[in-house]
Protein chains: 2
Amino acid sequence: MVSERHPKTFRFLKGRMRSALSEAEKDILENLIGDVQQLGHGQVILSRGEMAQQSTILIEGFAARVISRNGSRHIVSLHVPGDFVDLHGYALRRIDHDLVTFGVAKVGYMAHSDLDAILAREPKLSRMLWFASLLDAAIHREWILKLETLSADGCLSHLIAEVLARLQAVGITQQESFAFPFTQAELADACGTTPIHMNRVVRKLREEGILEISRGQVAVLDKARLHETGAFDPAYLYHDL
Amino acid sequence: MVSERHPKTFRFLKGRMRSALSEAEKDILENLIGDVQQLGHGQVILSRGEMAQQSTILIEGFAARVISRNGSRHIVSLHVPGDFVDLHGYALRRIDHDLVTFGVAKVGYMAHSDLDAILAREPKLSRMLWFASLLDAAIHREWILKLETLSADGCLSHLIAEVLARLQAVGITQQESFAFPFTQAELADACGTTPIHMNRVVRKLREEGILEISRGQVAVLDKARLHETGAFDPAYLYHDL
DNA sequence: GGGTGAACTTAACACTTGTTAAGCACAGAA
DNA sequence: TTCTGTGCTTAACAAGTGTTAAGTTCACCC
């Protein structure tokens with residue numbers, strides 16, 4: 001873990017809340033980030049049951065919310081730079097899952113006492129924080145829908161389409177190829193299937209010329225058909241707000 | 001639709017936020033409910049794309065968030081009395097699904113302009129509202145987990161176990177039998193399966209003496225085994241907060 | 001350069017679930 | 001009462017997915 005203080009820019013944070021916040025408000029938020037750490041792959045940011053005194057914003061890399069139940073691991077959400085990965089720990093206190101980094105990641109911490117001050121004095125920022133958690137809930141609902149309606153190939157397509165859209169929204173990638181440090185077994189954990197079946201699905205999408213996944217790298221070869229097989233419509237990401 | 005003004009008590013609202021709010025704060029919230037309506041079965045409280053000027057609290061009956069996609073309907077969340085069913089419409093403005101009543105329901109409305117006032121002047125209440133949406137997100141995550149891990153019989157068991165726990169938490173039922181106006185086809189919509197398969201599952205749980213579902217009435221015959229087949233642990237409902 | 005382990009790949013078979021088709025039970029309307 | 005529609009039930013078959021068991025590839029370390 002490498003630690004640094006008061007980094008100069010958080011372009012992701014600025015990028016994310018672009019239209020809704022003034023520069024002054026963005027500065028308030030940015031200055032609340034007291035400590036920044038570089039984490040390795042598979043580090044636990046916050047584990048189940050912990051009472052957090054701070055919340056975490058993901059600055060670089062990926063993170064996921066992982067629930068382990070009788071031996072098997074399941075991924076219930078994914079996070080990209082700019083996300084408050086455990087903002088809900090602020091109001092909920094106790095958290096029912098682990099937060100784990102995927103690949104090398106940089107995170108910033110925000111003390112809950114500072115969030116108290118925001119809630120007391122900055123109604124517009126409060127609403128913004130609230131909005132951030134509602135966006136999480138909207139993404140959860142879309143995951144519920146995809147798990148209810150899609151078969152495993154559609155589910156993987158949807159997942160990749162979502163990650164691409166979210167990365168592009170924060171300006172990390174313009175191309176349709178990006179680093180994505182998840183193994184096939186972990187993709188299976190996020191789609192509610194088995195590694196073996198995930199492998200069948202990966203092969204199928206590769207053979208159809210839609211997608212190429214190998215060694216932590218994803219290349220979207222045919223975005224239109226990816227969206228089609230994943231029934232993907234980005235409206236739920238509220239990128240226009 | 002029958003309309004009444006300023007109902008005397010909202011025991012469900014009081015029941016839900018019991019420990020966290022003072023009586024004075026509960027009164028503030030309660031007085032914000034401007035209009036109360038009695039709705040019939042299958043009424044749309046709010047439909048996709050609408051820009052709501054108010055949010056809805058469910059006082060009696062059930063409601064669900066329904067997403068229709070190429071002809072088929074899917075249920076992504078269920079609501080019991082005491083829930084703000086579309087609080088997220090306040091911060092998100094545009095909503096990506098329909099809200100539909102199941103059975104006869106009574107709802108109250110809260111103007112967004114009044115919520116603005118709360119956010120500006122009542123930090124503790126603001127936090128409470130935020131908590132309410134985080135609770136929704138926690139329930140969403142549990143649904144994601146159950147859809148990823150459980151087969152259809154586990155999924156139905158989990159659904160029934162959750163509804164029972166939530167009804168008991170707001171003090172509507174002490175027994176393990178309750179009115180639940182959902183058809184097998186609608187239960188299938190909520191579990192991501194087909195009506196035919198839901199019927200197999202209902203029969204199986206009935207034959208095993210775990211559950212009895214008929215004509216909109218559910219009777220839990222063996223709660224321990226229901227929780228076991230549904231891998232149900234109520235911690236995610238945060239009823240202790 | 002060979003060994004090691006993790007990730008990936010493939011195959012065969014069993015089980016779960018979807019599909020199509022049909023008939024039954026029950027409540028409400030005429 | 002009969003008619004009618006909706007919800008429920010069942011069966012047979014097809015498709016999707018889980019399980020078990022191998023084998024392969026690749027990066028990394030000795």
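So you know, we letter chains A, B, ... as the sequences are listed, proteins then strands, and number each from 1. Since we're looking at a predicted model, the values are computed, not measured.
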Discussion item. Measure CD/B:E212 against P/D:dC8 and give the value in whole Å, please.
Written reply: 12 Å
Worksheet entry | With sequence neighbours excluded, residues passing side-chain contact (heavy atoms from CB on, under 4.5 Å) with B:R225 | B:E208, B:I210, B:D222, B:E228
Worksheet entry | Heavy-atom closest contact (A:L58 atom, A:A105 atom, distance) | CD1-CB, 4.1 Å
Interface polar pairs with nucleotides 3-6 of chain D, N/O, under 3.5 angstrom:
none

Worksheet item: In whole Å, what is the span from the NE2 atom of A:H41 to the P atom of D:dC28?
Response: 13 Å
Worksheet item: What's the CD1-C1' distance between A:I213 and D:dT25, to the nearest Å?
Response: 18 Å
Worksheet item: Does a salt bridge link A:R65 with A:D136, judged by any charged N lying under 4.0 Å from a carboxylate O?
Response: yes
Worksheet, complete the sentence: Per-nucleotide protein contact along nucleotides 15-29 of chain C, 5' to 3', at a 4.0 Å heavy-atom cut-off (B base, S sugar-phosphate only, - neither), is --BBBB---------
Worksheet item: For A:Q37 and A:Y109, does a side-chain donor sit closer than 3.5 Å to a side-chain acceptor?
Response: yes
Worksheet, complete the sentence: When the rotation axes relating C1' atoms of four end pairs to the next four are compared across the helix from C:dG1-D:dC30 to C:dA30-D:dT1, five pairs an end, they differ to 10° by 30°
Worksheet entry | Nearest heavy-atom neighbours spanning B:A190 and B:L159 | CB-CD2, 4.3 Å
Worksheet item: Between A:N199 and C:dC8, does any side-chain N or O lie under 4.0 Å from OP1 or OP2?
Response: no
Worksheet item: When you check the side-chain N and O atoms of B:H158 and B:E142, is any donor under 3.5 Å from an acceptor?
Response: yes
Worksheet item: Between B:S47 (side chain) and B:V44 (backbone), is there a donor-acceptor pair under 3.5 Å?
Response: no
Discussion item. Quick one about B:H140 and A:R141 (side-chain donor to acceptor, distance below 3.5 Å, no hydrogens or angles considered), yes or no?
Written reply: yes
Discussion item. Give me each pair satisfying salt bridge (Lys or Arg N to Asp or Glu O under 4.0 Å) with a member in residues 173-187 of chain A, each pair once, sequence neighbours excluded.
Written reply: A:E176-A:K223
Item to complete: Sort and list the pairs that fulfil salt bridge (Lys or Arg N to Asp or Glu O under 4.0 Å) and have at least one residue in residues 147-164 of chain A, not counting sequence neighbours.
Response: A:D153-A:K204, A:E162-A:R166
